[in-house]
Amino acid sequence: MNRPYNFSAGPAAMPDEVLQQAAAEMLDWHGSGMGVMEMSHRGKEFGQIYQEAQADLRELLALPAHFKLLFMQGGGLAENAIVPLNLSRGETADFVVTGSWSQKSAQEAARYCPAHVAASTQASGFTSLPNPATWQLSDQPAYVHICSNETINGVEYHALPDLKALGCDAPLVVDFSSHVASRPVDWSKVGLAFGGAQKNLGPAGLTLVVVRDDLLDRALPICPSALNYKTVANNESMYNTPPTYSIYIAGLVFKWLKRQGGIAAVEANNIAKATLLYAAIDKSNLYLNRVEKSVRSRMNVPFYLRDESLNDAFLAGARSAGLLQLKGHKSVGGMRASIYNAIPLEGVQALVGFMQSFEAQHA
Ligand SMILES: *Cc1c(COP(=O)(O)O)cnc(C)c1O
């Protein structure tokens with residue numbers, strides 16, 4: 001079956017192979033007589049699914065042994081509260097505000113600890129990243145938060161900042177929701193990273209937290225037990241019932257990623273896709289992307305039509321050409337193509353072909 005290409009920002013397209021396997025296993029997982037949704041999270045069948053998902057993702061992300069990989073719930077927005085509850089000790093945390101998501105993180109954290117904005121690109125419309133050398137970090141922040149890929153604004157860190165080189169010992173907290181597993185992570189720079197699965201890894205309902213062992217012991221007394229990283233870690237993410245079906249589907253995605261050749265191969269494909277799409281935008285007279293070239297996101301490509309009266313015709317034409325969910329986020333308007341791991345190069349080629357013929361028709 002040839003499905004349309006789906007450019008949703010999230011929940012986002014899944015590999016066909018994964019959905020087909022899940023469909024085949026829906027009523028009876030591996031001869032167990034049960035579907036995965038019907039299994040006890042403490043039984044041996046789900047135990048196997050969980051252990052494989054953990055091991056496969058650790059391998060894909062090349063996660064060092066001194067980091068815990070937690071499977072939680074609540075998504076990126078809940079982590080905006082869970083992180084300060086676990087890491088701030090009520091002391092000041094620093095935020096680098098580079099788009100809608102890091103801005104939300106700073107606002108939410110301020111309910112639990114002083115939140116200091118060390119740098120912001122809001123004045124220039126979130127189209128760049130501030131040079132870390134210019135960040136106004138506080139004296140001894142409890143942690144420094146960045147969003148390494150701003151899903152709405154289309155701005156991505158292509159290298160993580162090195163806090164130590166800035167004379168700061170604090171752990172770096174990274175919201176990598178929308179580009180996790182699209183490229184390698186330099187874990188030597190990271191204290192904690194979190195991300196909802198529904199952008200690049202699987203279905204909604206699963207949230208990944210990667211946390212360095214030495215950060216497990218800092219939670220505020222008011223931190224809910226089920227959200228305390230140490231409790232979650234000590235119970236192998238099963239202090240309470242984890243999102244079992246989402247973990248299973250994400251686990252199938254991890255195996256699919258390994259079949260693609262792992263993160264290095266996936267990254268090369270992501271670079272090819274993004275290069276093709278940005279080149280088409282830049283050479284056109286109709287489409288426009290405002291983000292500084294050196295920090296453009298490989299995953300989320302926002303673009304505008306210079307004649308915005310054509311927006312509805314563009315979206316309708318795209319839909320009939322089998323190109324879905326290209327409408328931009330309501331806060332910024334225009335269009336957005338999210339080209340996560342599950343979008344093949346052919347999908348981006350089809351999009352570029354449609355964009356060019358639409359432009360020719362409306363020249
Ligand atoms: C989608 C997204 C979030 C919010 O995730 P929810 O699961 O809706 O809470 C947070 N940060 C980033 C970077 C995102 O892309």
Side-chain angles (χ1 to χ4, degrees), residues 6-14 70-86 93 95-112 115 120-122 126-127 129 143-158 160-161 172-183 185 190 192-210 224 226-227 242-243 245-247 249-250 253 270 274 291 295-302 325 327-332 336-343:
N6 177 355
F7 298 93
S8 172
M14 300 275 294
L70 312 180
F71 291 161
M72 298 182 69
Q73 305 185 56
L77 286 182
E79 288 303 324
N80 287 342
I82 299 169
V83 171
L85 281 165
N86 275 279
F95 292 81
V96 179
V97 174
T98 54
S100 308
W101 290 116
S102 47
Q103 191 165 49
K104 280 201 163 85
S105 300
Q107 285 161 357
E108 180 73 6
R111 305 177 64 193
Y112 303 97
S120 169
T121 54
Q122 183 165 27
F126 294 136
T127 53
L129 286 178
Y143 61 90
V144 178
H145 176 112
I146 65 167
C147 174
S148 52
N149 184 64
E150 289 280 3
T151 321
I152 293 175
N153 306 88
V155 176
E156 180 171 11
Y157 287 77
H158 293 294
L160 290 177
L172 182 70
V173 170
V174 184
D175 175 357
F176 67 171
S177 293
S178 51
H179 73 165
V180 54
S182 72
R183 59 188 304 152
V185 177
V190 176
L192 181 146
F194 68 83
Q198 74 272 21
K199 310 291 167 61
N200 210 14
L201 287 183
L206 168 64
T207 311
L208 297 182
V209 176
V210 176
L227 306 179
Y245 199 75
S246 296
I247 292 171
I249 299 285
V253 174
N270 287 331
V291 178
V295 297
R296 283 172 165 180
S297 170
R298 291 175 186 163
M299 295 282 99
N300 308 100
V301 182
Q325 307 208 68
K327 192 170 176 165
H329 191 270
K330 60 184 188 303
S331 64
V332 292
R336 171 173 52 174
S338 294
I339 48 175
Y340 298 124
N341 290 342
I343 299 283

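Counting convention: from 1, in listed order, for ligands and their atoms alike.
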Is there any N or O on Ala78 that sits under 3.5 Å from an N or O of ligand 1?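 Ala78 vs ligand 1: no N/O contact under 3.5 Å.
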
Would you check whether Leu77 has a nitrogen or oxygen atom less than 3.5 angstrom from a nitrogen or oxygen atom of ligand 1?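 Yes, since at least one N or O of Leu77 sits under 3.5 Å from an N or O of ligand 1.
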
Between the main-chain N or O of [Y] and the side-chain N or O of [X], is there a donor-acceptor pair closer than 3.5 Å?
X: Glu108; Y: Asn80; result: no
X: Arg183; Y: His158; result: yes
X: Ser338; Y: Tyr340; result: no
X: Asn300; Y: Arg336; result: no
X: Glu150; Y: Ser102; result: yes

Applying a heavy-atom cut-off of 4.0 Å, say which part of Lys104 lies close to ligand 1: side chain, backbone, both or neither.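 Neither part.
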
Pick one of side chain, backbone, both or neither for how Lys199 approaches ligand 1, counting any non-hydrogen atom pair under 4.0 Å.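 The answer is the side chain of Lys199.
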
Any idea which heavy atoms bring Ser177 and Gly196 closest together, and the distance?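 Shortest heavy-atom contact: OG-N, 3.4 Å.
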
Contact summary for Leu201 and Ala181, nearest pair of heavy atoms: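 Scanning both residues completely, I find the closest heavy atoms to be CD2-CB, 3.7 Å.
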
Can you list the ligand 1 atoms lying under 4.0 Å from a non-hydrogen atom of [X]?
X: Ser178; value: 15 (O)
X: Thr151; value: 12 (C), 13 (C), 14 (C), 15 (O)
X: Gly75; value: 7 (O), 9 (O)

Under a plain distance cut-off of 3.5 Å, with no hydrogens placed, do Ser148 and His179 share a side-chain donor-acceptor pair?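 Short answer, yes.
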
Nearest protein heavy-atom contact for [atom]: which residue, which atom, what distance?
atom: atom 5 (O) of ligand 1; value: Gly76 N, 3.5 Å
atom: atom 7 (O) of ligand 1; value: Gln198 NE2, 2.8 Å
atom: atom 11 (N) of ligand 1; value: Asp175 OD2, 2.7 Å

Sub-4.0 Å heavy-atom approach of [X] to ligand 1:
X: Gly196; result: no
X: Cys147; result: yes
X: Asn149; result: yes

Classify the ring geometry between Phe95 and Tyr143 as parallel (under 30°), tilted (30 to 60°) or perpendicular (over 60°).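 Rings of Phe95 and Tyr143: perpendicular, over 60°.
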
